[in-house]
Number of protein chains: 2
Amino acid sequence: MGRAVKRSPDGGDARRERWRAHREARREEFVDATIRALTKHGPEVGMDEIAAEAGVTKPVLYRHFADKSDLYLAVGQRGTDLLMNRLKPALVDDGTPYERIYRAVDSYLATIEEFPELYHFVVRRSFTDKPVETDIATEDKRIIANTLARLLGDYLRAFDMDSGGAEPWAHAAVGMVQSAGDWWLERQSMTRQGLSDYLTKIIWFAVDGLLRSGGITIDPQTPLSLEANPPLRLVPGKTPPAKTQGETGDDRRARG
Amino acid sequence: MGRAVKRSPDGGDARRERWRAHREARREEFVDATIRALTKHGPEVGMDEIAAEAGVTKPVLYRHFADKSDLYLAVGQRGTDLLMNRLKPALVDDGTPYERIYRAVDSYLATIEEFPELYHFVVRRSFTDKPVETDIATEDKRIIANTLARLLGDYLRAFDMDSGGAEPWAHAAVGMVQSAGDWWLERQSMTRQGLSDYLTKIIWFAVDGLLRSGGITIDPQTPLSLEANPPLRLVPGKTPPAKTQGETGDDRRARG
DNA sequence: GATTAGTGTTACCGGAAGTAACGGTAACTC
DNA sequence: GAGTTACCGTTACTTCCGGTAACACTAATC
């Protein structure tokens with residue numbers, strides 16, 4: 001049993017580390033293939049079809065993903081990243097309050113307009129059977145809502161207002177935009193700009209009312225920068241641990 | 001092929017009609033069983049388990065429902081009915097604008113609080129595989145949103161305002177409440193009343209702002225009755241045709 | 001008594017998720 | 001360059017579950 005080569009004394013075996021990037025890349029590649037397969041065959045794709053689209057066979061897929069849910073979760077993560085990468089600048093960049101709301105709303109709508117299949121897959125009954133827990137859409141909404149809640153809470157605190165409402169407010173706003181966006185995407189009976197305008201107005205009215213009821217009045221058209229811009233903290237790591245599930249080779253113990 | 005007895009000249013065969021109520025009742029009975037099975041085994045119940053819960057075997061189930069989706073759709077319909085029956089009075093009954101919004105929001109929250117399992121099943125990744133089209137949660141939201149849109153549109157028209165915004169507005173509001181409710185149900189970090197208050201405020205601010213921007217001002221605390229109460233029309237039939245799928249006995253051509 | 005429209009059963013089919021078992025290759029370590 | 005690690009990939013299976021076929025019984029209507 002004397003394992004001849006195990007790990008070099010200083011630093012660890014290079015071979016172990018060497019593959020991690022590769023595995024990660026491979027996962028992404030498979031996510032790409034899944035999305036392609038998804039748009040090609042519809043949301044009821046089989047694993048065989050996905051594998052075929054990736055140019056491999058099923059077992060290969062299963063070396064990188066514990067099960068179908070895991071794969072779909074990764075697809076969802078892709079969507080989240082995509083969206084957050086667009087939402088982040090919209091929220092962070094300078095501008096009047098009104099502008100910032102508008103930018104955020106519009107970049108959301110622009111994103112779902114650009115990737116409707118992915119959006120539908122993620123948001124609507126995405127999963128097959130397994131996971132009712134690991135729900136991507138709900139997860140995504142929570143991530144966005146939390147980000148927004150933090151941002152909002154910071155503002156409220158800066159105004160010496162009760163920040164307790166930030167969280168429900170954020171979830172409400174996210175749900176609002178998501179729901180309206182969903183409706184819009186389905187029957188595009190108005191322009192994107194029209195809807196963005198509209199939603200921005202609603203949000204602004206709500207924000208304004210809320211602030212007024214706290215005795216604060218701000219001008220939607222004046223760039224506000226509280227203490228040299230708000231301390232915006234986004235979600236910790238944009239690509240979280242990612243459940244690499246199986247450091248070492250073929251061992252994968254799926255199904256909990 | 002001479003069908004001996006078919007239909008009596010006047011009125012039609014009684015046997016045909018006799019069973020319709022019965023079949024309907026049976027369906028409801030199975031929906032009950034499904035909900036029981038759902039809360040017992042979680043959202044991944046098998047048809048066998050559902051059938052067992054109902055005290056029968058699978059084929060019996062399949063005589064009343066085309067497939068699993070159809071059954072789940074009926075469960076969703078149950079939820080919709082439940083909710084709409086509570087929402088309707090909240091919206092229709094008299095009161096100040098503020099009260100009416102509050103009642104509607106609060107009865108929604110009360111309903112999901114009372115039936116959390118059903119709610120979760122309907123709203124979160126409800127389905128197994130088949131139907132991505134027939135999505136109950138989306139369907140329900142649309143029904144509610146449409147009702148609201150109609151109500152709102154009538155008001156806007158009564159104020160001689162552009163009623164084009166009613167639809168996005170309704171979807172936005174529904175999504176907002178749904179999303180905030182979802183968050184609340186999960187981690188009940190505030191009282192229901194607190195959230196209802198909060199959401200009502202938000203909605204009111206938005207409504208008020210919208211009206212003001214159209215040059216109209218109304219008092220949230222004065223009961224408004226435009227022309228002896230608004231012409232509220234709810235959805236056509238609360239229990240729609242229901243896809244009785246198969247007038248005659250065993251014929252069921254499932255799967256499209 | 002024939003017919004209709006149900007009640008129900010057991011035993012099976014078929015498809016798709018997931019697995020076992022096998023073999024090949026690149027590269028790092030000694 | 002021998003040994004080892006950690007991938008690449010395959011074909012052929014098993015398992016599970018949604019759905020079906022075939023068959024038998026009952027109650028009311030005509």
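Throughout, a chain's letter reflects where its sequence line sits, starting with A, and its residues are numbered from 1. All figures in this text were calculated on a predicted structure; none of them were measured in a lab.
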Let me know the distance between CZ of Arg63(A) and C1' of dT10(D), rounded to the nearest Å.
9 Å
Donor-acceptor pair, Ser179(A) side chain versus Ala172(B) backbone, under 3.5 Å?
no
Under 4.0 angstrom, heavy atoms only, what part of the nucleic acid is Val56(A) near: base, sugar-phosphate, or nothing?
sugar-phosphate
To the nearest angstrom, how far is Glu49(B) atom CD from dC16(D) atom P?
13 Å
For the pair made of OH in Tyr62(A) and C1' in dT14(D), what is the distance, rounded to whole Å?
13 Å
Gap between atoms CZ and P, on Arg20(B) and dG6(C) respectively (whole Å):
11 Å
Applying salt bridge (charged side-chain N to carboxylate O under 4.0 Å, His left out), run through Arg192(A) and Asp106(A) and close with a yes or a no.
CA-CA 8 Å; Arg192(A) 193 180 90 208; Asp106(A) 194 59; 3.0 Å; yes
Return the value, rounded to whole Å, for the distance between atom CG of Asp67(B) and atom C1' of dC13(C).
17 Å
So, is Thr57(A) close to the dT10(D) phosphate, meaning a side-chain N or O under 4.0 Å from OP1 or OP2?
yes
Among dT20(D), dG9(D), dA17(C), the one nearest Met47(A) by side-chain distance
dA17(C)
Over how many whole Å does the gap from Phe65(A) atom CZ to dA17(C) atom P extend?
15 Å
Of dA20(C), dA17(C), dG9(D), the nucleotide closest to the side chain of Val60(A) is dG9(D)
Using only side-chain N and O atoms of Lys68(A), determine if any of them is under 4.0 Å from OP1 or OP2 of dA17(C).
yes
Could you check whether Asp182(B) and Tyr119(B), counting side-chain N and O atoms only, form a donor-acceptor pair closer than 3.5 Å?
yes
Closest listed nucleotide, where the reference is the side chain of His64(A) and the choices are dT10(D), dC8(D), dA17(C)
dC8(D)
Distance in angstrom units between Lys58(A) NZ and dC8(D) C1', rounded:
18 Å
Figure out the CZ/P separation between Phe30(A) and dC7(D), and round it to whole Å.
12 Å
Do the side-chain N or O atoms of Arg23(A) get closer than 4.0 angstrom to the phosphate oxygens (OP1, OP2) of dA6(D)?
no
Determine whether the aromatic ring centres of residues Tyr72(A) and Phe65(A) are separated by less than 6.0 angstrom.
no
5' priority, DNA chain C, between Gly46(A) and His22(B) [closest heavy atom]
His22(B)
Which is it for Glu114(B) and Arg86(B) under the salt bridge (charged side-chain N to carboxylate O under 4.0 Å, His left out) test, yes or no, and what are the steps along the way?
CA-CA 12 Å; Glu114(B) 189 173 350; Arg86(B) 291 164 178 239; 3.0 Å; yes
Can you check whether Arg26(B) has a side-chain N or O nearer than 4.0 Å to OP1 or OP2 of dT7(C)?
yes
